[in-house]
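What follows is a single structure, written as structure tokens, with notes after it.
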Amino acid sequence: MTTALLSTAEELHARVRHGRRAVVMTMGALHEGHATLIRSAREIAGPDGEVVVTVFVNPLQFGAGEDLDRYPRTLDADLDLAGRAGADAVFAPSVDEVYPGGEPQVRVSAGPMGERLEGASRPGHFDGMLTVVAKLLHLTRPDIALFGQKDAQQLALIRRMVRDLNFGVEIVAVPTVREEDGLALSSRNRYLSPDERRTALALSRALFAGRDRHAAQEALRARAREVPSTHARAEALSAIGESRAAADAHAVATAAPGGPAAVRAAARQVLDEAARLDPPLRLDYLALVDPADFTEIGDDFTGEAVLAVAARVGATRLIDNIPLTFGAAS
């Protein structure tokens with residue numbers, strides 16, 4: 001497949017469209033996580049559709065002191081990877097093409113959700129992100145746009161913008177892609193030294209510890225629910241040596257701290273240990289939130305949740321998250 005490299009909206013709009021157009025938005029420095037998004041877009045668009053990958057390092061979503069100038073720009077390699085993953089075109093506009101006349105006077109506001117977690121750590125970031133996503137949706141005119149679940153808060157805000165402002169596009173989420181050691185794929189991973197990378201693994205280990213604690217607690221509760229507390233049933237179980245196991249499961253499920261508090265505690269323990277490493281992990285936040293608005297969930301919460309973490313290792317800031325389900329649905 002020959003992948004076209006386009007730099008203007010006029011070139012993109014001149015392309016003949018037959019089936020559905022699927023767009024994958026990136027800031028370049030493409031890796032296997034992006035390739036997974038592109039392959040998913042190719043599958044959704046089908047053989048008659050079109051997959052467009054945007055490559056644009058958006059200055060509006062970088063704050064003071066952040067890594068705009070050193071953000072990797074690897075367009076030739078990006079074009080090659082996008083083509084191999086199934087892209088029909090790479091749209092790589094200049095800043096002047098996206099923001100003619102300078103920074104836009106009118107921008108999209110992320111609202112209250114955009115002020116939490118990543119928004120609190122990076123003021124204005126989500127306003128800049130939503131503004132460029134809105135502009136790129138208008139410039140590329142897709143039927144479908146795909147985004148990774150690794151940037152969970154970004155994904156939630158894009159979905160909210162599309163719903164609130166009546167964008168005629170379907171938003172599709174693609175699961176986070178991880179390296180063999182568990183580290184979530186990110187363009188910023190290349191900044192890590194070998195020692196920093198070892199410390200950075202604490203992010204995914206913390207999330208997995210929270211997930212495993214939750215799974216163990218749910219398994220114990222399920223076991224306790226299966227065993228009636230009647231004397232006759234206990235005697236019958238005793239005859240086959242199960243009464244102690246049933247009693248232990250019931251006791252642990254009842255007495256052990258469970259739910260969101262236990263998940264946070266398990267993840268926090270891993271992060272606290274990583275803070276004592278050399279080099280240390282410097283935690284920005286650990287949060288267990290409702291994906292509808294990214295507010296912290298309470299101990300009686302039921303439904304879908306997101307366990308999210310952000311931290312710095314050396315000069316590199318990394319984020320990660322996993323989904324969890326609390327309550328009967330789990």
Side-chain angles (χ1 to χ4, degrees), residues 112-122 149-157 173 175-176 178 182-184 199-229 244-277 280-313 317-330:
M113 195 197 315
E115 298 172 358
R116 299 172 186 136
L117 300 186
E118 284 299 291
S121 297
R122 307 174 66 189
Q149 290 180 343
K150 174 178 166 288
D151 296 296
Q153 193 172 2
Q154 170 180 283
L155 173 63
L157 282 163
T176 300
R178 299 184 179 277
L183 189 67
T199 296
L201 292 177
L203 273 77
S204 56
R205 288 204 309 268
L207 297 179
F208 298 157
R211 177 198 62 191
D212 293 347
R213 180 68 184 88
H214 176 57
Q217 190 71 25
E218 288 298 311
L220 287 170
R221 292 188 189 282
R223 174 66 170 148
R225 285 193 297 267
E226 292 173 359
V227 182
S229 58
R244 179 58 184 272
D248 287 348
H250 189 276
V252 173
T254 302
V263 170
R264 292 186 182 97
R268 173 74 65 172
Q269 181 177 352
V270 175
L271 296 169
D272 287 346
E273 292 171 356
R276 296 189 288 271
L277 297 176
L281 180 141
R282 303 194 305 278
L283 182 64
D284 190 342
Y285 62 76
L286 172 69
L288 185 55
V289 298
D290 182 341
D293 57 10
F294 272 71
T295 57
E296 289 281 350
I297 64 173
D299 288 339
D300 59 349
F301 180 86
T302 58
E304 298 295 323
V306 173
L307 180 61
V309 63
R312 289 187 181 275
V313 182
R317 187 175 185 276
L318 300 170
I319 63 172
D320 200 353
N321 72 85
I322 56 170
L324 297 174
T325 304
F326 290 88
S330 64

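Residues: numbered from 1 along the sequence shown.
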Looking only at non-hydrogen atoms, find the nearest pair between [X] and [Y] and report the distance.
| X | Y | answer |
| --- | --- | --- |
| A184 | T176 | CB-CG2, 3.9 Å |
| M113 | A156 | SD-CB, 4.0 Å |
| A152 | V306 | CB-CG1, 4.3 Å |
| S204 | G182 | CB-O, 3.2 Å |
| A200 | L318 | CB-CD1, 3.7 Å |
| P291 | A305 | CD-CA, 3.8 Å |

List the atom pairs, donor and acceptor, that lie under 3.5 Å between side-chain atoms in residues 261-275 and the rest of the protein, sequence neighbours left out.
{"from": "R264", "atom 1": "NE", "to": "E296", "atom 2": "OE1", "distance (Å)": "3.3"}
{"from": "R264", "atom 1": "NH2", "to": "L288", "atom 2": "O", "distance (Å)": "3.4"}
{"from": "R264", "atom 1": "NH2", "to": "E296", "atom 2": "OE1", "distance (Å)": "2.8"}
{"from": "R264", "atom 1": "NH2", "to": "I297", "atom 2": "O", "distance (Å)": "2.8"}

Point-to-point distance, once rounded to the nearest 0.5 Å, from [atom1] of [X] to [atom2] of [Y]:
| X | Y | atom1 | atom2 | result |
| --- | --- | --- | --- | --- |
| F294 | R116 | CZ | CZ | 10.5 Å |
| D151 | I319 | CG | CD1 | 4.5 Å |
| T325 | E304 | OG1 | CD | 3.5 Å |
| R211 | L307 | CZ | CG | 10.5 Å |
| L201 | L183 | CG | CG | 6.0 Å |

**Q.** Main-chain N/O of E118 paired with Q153 side-chain donor or acceptor, under 3.5 Å
**A.** yes
**Q.** Aromatic plane relationship, F301 with F326 - under 30° parallel, 30 to 60° tilted, over 60° perpendicular
**A.** perpendicular
Q. How far apart are the C-alpha atoms of L157 and L155, what are their side-chain angles, what is the distance that settles it, and do they pass the side-chain contact (heavy atoms from CB on, under 4.5 Å) test?
A. CA-CA 5 Å; L157 282 163; L155 173 63; over 6 Å; no
Q: Start with the C-alpha gap between V309 and L207, add the side-chain angles, then the distance that decides, and say whether side-chain contact (heavy atoms from CB on, under 4.5 Å) holds.
A: CA-CA 8 Å; V309 63; L207 297 179; 4.0 Å; yes
Q. Going through the distances and angles, do D284 and R317 end up as a salt bridge (charged side-chain N to carboxylate O under 4.0 Å, His left out)?
A. CA-CA 9 Å; D284 190 342; R317 187 175 185 276; 2.8 Å; yes
(Q) Quick test of your reading of the model: are D320 and K150 salt-bridged, counting only N-O distances below 4.0 Å? (A) no
**Q.** Test item: R282 and V313 side chains (from C-beta on) under 4.5 Å apart, heavy atoms
**A.** no
